[in-house]
Amino acid sequence: MNNPKLIREKYEETRDALVNKKTSLALIEDYKQRDELWRSEGIALDELRHQRKRLMPKGKPTSEQLESLKDTSEKIKVKQELVSELDKECQDLALSIPNVPDRSAPIGTSEDENVEVSKWGQLPDFKFVPKDHETLGVQLGMFDLKTAAKITGSRFVIYKNKGAKLERALINFMLDTHSKAGYEEILPPAIVHEDSMRGTGQLPKFAHDSFKIEETPYWLSPTAEVQVTNMERDNVIEEENLPRNYVAYAPCFRKEAGTYGKDIRGIFRQHQFNKVELVKFVTPETSMAELEKLTDHAETILRLLKLPYRKVSLCTGDLGFSAAKTYDLEVWFPSQEKYREISSCSNFLDFQARRALIRCRRTNNAQVEYLHTLNGSGLAVGRTFAAILENYQTNEGAIRVPDVLKSYLNLEIIKNEWE
RNA sequence: GGAGAGAUACCCAAGUGGCUUAAGGGGACGGUUUGCUAAACCGUUAGUGUUCGAAAGGGCAGCGAGGGUUCGAAUCCCUCUCUCUCCGCCA
């Protein structure tokens, strides 16, 4: 949720920034109008209540007093209903207005206008036509999509043998690396309450992206961002305890509605995938610097794995609903001759904190204010798996094990057992 | 799944319709006294949300959550959530 004062006091500026993020103008105008009405009616209601308090005698009221009390209470009741309705309308509208993009986010309408910030690594120079990760993985018996489709459905995968071990090694490697960098390790529930989904902005607008568990208020979490950010929901954190840095592994579940026909090869886009997530709670003045740090920590994984990647700054039209600024990390996929997203690192400013009521208390004056939240994938494990297969393949169709994973796997190379 | 007991402020806790502006205690913080510490005594302690205000400072909400009854609800009624104890089942 945005600070309501932004729309009240800096209306033109905020409106234009939101329109850059493809927000409907009607929605913004409607909200502004409702908000004004809600405030003026709210003031009237408070005054009536104040009046009733003054009229209230200490003991039993006389019949005369009773008359005016009844009268006031009746007015309060009517006004209360109006204000409650306006309040709900404002809340609903406010919840569907996205975060205002930061000034540093490039203005644009689609991912084509994202701006490349940096590039790292040497693209592999194969002396043969590189295979895609599905071909490699299936040949090497590392995963099985057909059987997964039988037991569950499409866009699910069974990791097997060396594949299962590689997936597990990657999770451990990522957790270990981030732990050493000072992140506190979390292993959260995979299922979350709808209140948590609302806190981080997945609800109400993006209900169609996640799986709801029937007849319960529970959802399969689409990202550990939900669990970890909501750990501090309704809390006030002392400034001296900031920043709080967490790293969490969790399976993630997404409907991927509207992606039929996209990325149908392999394990790139799945309904269930593993992800290691970084989450930070920080003071407002440090959040932009913390975004740089967080992104660098995610990049560290790619550099240690020696996977070529680039970093792009998302343009306003491509920014996620809750984000004010986002860097995507894109790893090189030789079979597609493209960089593809493997991590998304965002600064939400106080947008999530305001929804989820996460605040900090300043050390010097004990003032309470909303803090800033950030998160980023560090990294999406399945996509890292796929990128390793493609970038580390040999002309015999084997996979060289990246140096940093050798101790996790006790292997130099992954190849067919019978060779 | 069954039975019972709870939820009040930082903690403990009183409170069965108006005298509650939520008692009392602990802790914390500030002060007096003091060579220092402790004790004693005095004082402060409702965080938060929201709104009005340039500010100082007001108003309103709030006793697990949401509804209801009433002129008036921590208190009465309904629904829900969570915690604890016991039984059953279970990795």
Side-chain angles (χ1 to χ4, degrees), chain A residues 1-11 31-95 97 187-199 203-204 212-219 227 230-242 251 281 283-284 350-371:
Chain A
M1 195 150 24
N2 287 295
N3 186 344
K5 288 190 176 138
L6 281 178
I7 288 184
R8 286 179 204 157
E9 291 163 19
K10 293 184 179 169
Y11 179 65
Y31 170 76
K32 182 176 162 62
Q33 194 195 339
R34 294 280 142 182
D35 178 62
E36 274 164 17
L37 195 57
W38 170 73
R39 272 188 298 156
S40 61
E41 292 297 335
I43 291 165
L45 173 64
D46 284 357
E47 271 166 12
L48 281 169
R49 282 179 167 152
H50 184 51
Q51 189 186 331
R52 182 171 68 186
K53 274 193 178 178
R54 284 200 315 256
L55 288 170
M56 198 72 77
K58 290 235 163 165
K60 278 204 193 311
T62 64
S63 61
E64 215 172 285
Q65 286 172 323
L66 201 59
E67 276 311 302
S68 75
L69 281 171
K70 275 186 181 172
D71 183 55
T72 311
S73 285
E74 188 51 39
K75 283 184 191 156
I76 288 174
K77 200 175 180 184
V78 172
K79 191 67 82 179
Q80 169 77 68
E81 269 164 31
L82 175 64
V83 171
S84 302
E85 197 165 311
L86 285 169
D87 188 48
K88 193 181 177 310
E89 284 172 14
C90 281
Q91 288 295 320
D92 289 350
L93 289 172
L95 285 175
I97 297 175
L187 188 58
I191 292 174
V192 293
H193 196 275
E194 61 189 10
D195 292 346
S196 297
M197 294 281 280
R198 197 165 282 113
L203 290 180
K212 167 119 207 251
I213 300 176
E214 259 187 89
E215 290 170 17
T216 71
Y218 298 150
W219 295 73
Q227 290 97 313
N230 279 282
M231 290 198 313
E232 301 289 0
R233 178 150 47 95
D234 289 323
N235 283 351
V236 179
I237 307 176
E238 300 299 327
E239 183 182 357
E240 65 213 43
N241 294 330
L242 294 176
F281 299 89
T283 52
D350 64 359
F351 187 84
Q352 291 181 331
R354 202 172 278 282
R355 288 179 160 231
L357 222 63
I358 309 170
R359 295 142 296 170
C360 64
R361 191 189 316 278
R362 294 294 191 175
T363 307
N364 59 356
N365 59 4
Q367 286 293 304
V368 172
E369 60 185 283
Y370 290 109
L371 49 68

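Everything quoted here is computed from the prediction, not taken from an experiment.
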> For A/Y11, is the NZ or CZ atom of A/K32 found under 6.0 angstrom from the centre of its six-membered ring and inside 45 degrees of the ring axis?
Replying inline: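 Output yes; distance and angle both within limits.
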In whole Å, measure the gap between the [atom1] atoms of [N] and [M] for me.
N	M	atom1	result
B/C82	B/A65	C1'	10 Å
B/C76	B/U70	C1'	10 Å
B/U75	B/G15	P	15 Å
B/U20	B/G72	C1'	13 Å
B/C42	B/G24	P	14 Å
B/C63	B/U21	P	15 Å
B/G6	B/C19	C1'	30 Å
B/G49	B/G35	P	46 Å

> Start at the 5' end of RNA chain B and walk down; is the nucleotide closest to A/R39 or to A/V236 reached first?
Replying inline: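 The residue whose closest nucleotide sits nearer the 5' end is A/V236.
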>> Need to verify one output field. Residue with the more 5' nearest nucleotide on RNA chain B, A/R49 or A/P4?
In response: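 Going by which nucleotide is closer to the 5' end, it is A/P4.
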Distance in angstrom units between [X] [atom1] and [N] [atom2], rounded:
X	N	atom1	atom2	value
A/R355	B/G49	CZ	P	18 Å
A/K5	B/U51	NZ	C1'	9 Å
A/D87	B/A61	CG	C1'	11 Å
A/L48	B/C52	CG	C1'	16 Å
A/Y218	B/C80	OH	C1'	13 Å
A/L82	B/C60	CG	P	20 Å
A/E36	B/U50	CD	C1'	17 Å
A/R359	B/G49	CZ	C1'	8 Å

Indicate the atoms forming the closest heavy-atom contact of [X] with [Y], along with that distance.
X	Y	result
A/S73	A/R52	OG-NH1, 3.2 Å
A/R355	A/L95	NH2-O, 2.6 Å
A/L371	A/R359	CD2-O, 3.7 Å

>> Considering every strand and a 4.0 Å limit on heavy-atom distances, what is the contact class for A/I43: base, sugar-phosphate, or nothing?
In response: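 Since only primed, P, OP1 and OP2 atoms lie under 4.0 Å of A/I43, the category is sugar-phosphate.
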> Base, sugar-phosphate, or nothing: which does A/R54 touch, judged by heavy atoms less than 4.0 Å apart?
Replying inline: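 Counting heavy atoms under 4.0 Å across all strands, no contact is made by A/R54.
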>> Under a 3.5 Å cutoff, is there a donor and acceptor pairing between the side chains of A/N241 and A/E238?
In response: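 No, A/E238 and A/N241 have no side-chain donor paired with an acceptor closer than 3.5 Å.
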>> Pairing donors with acceptors under 3.5 angstrom, does anything connect the side chains of A/E36 and A/S40?
In response: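 No, no side-chain donor-acceptor contact under 3.5 Å.
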> Under a 3.5 Å cut-off for both distances, is B/U32 Watson-Crick or wobble paired, and to whom?
Replying inline: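 Result: B/A40.
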Looking at the side chain of [X], which of [options] is the nearest nucleotide?
X	options	result
A/H50	B/U48, B/U51, B/G59	B/G59
A/R8	B/U51, B/C60, B/U48	B/U51
A/L69	B/C71, B/U48, B/U50	B/C71

>> Below the 4.0 Å mark, does B/C71 have OP1 or OP2 next to a side-chain nitrogen or oxygen of A/R52?
In response: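 No, outside the criterion.
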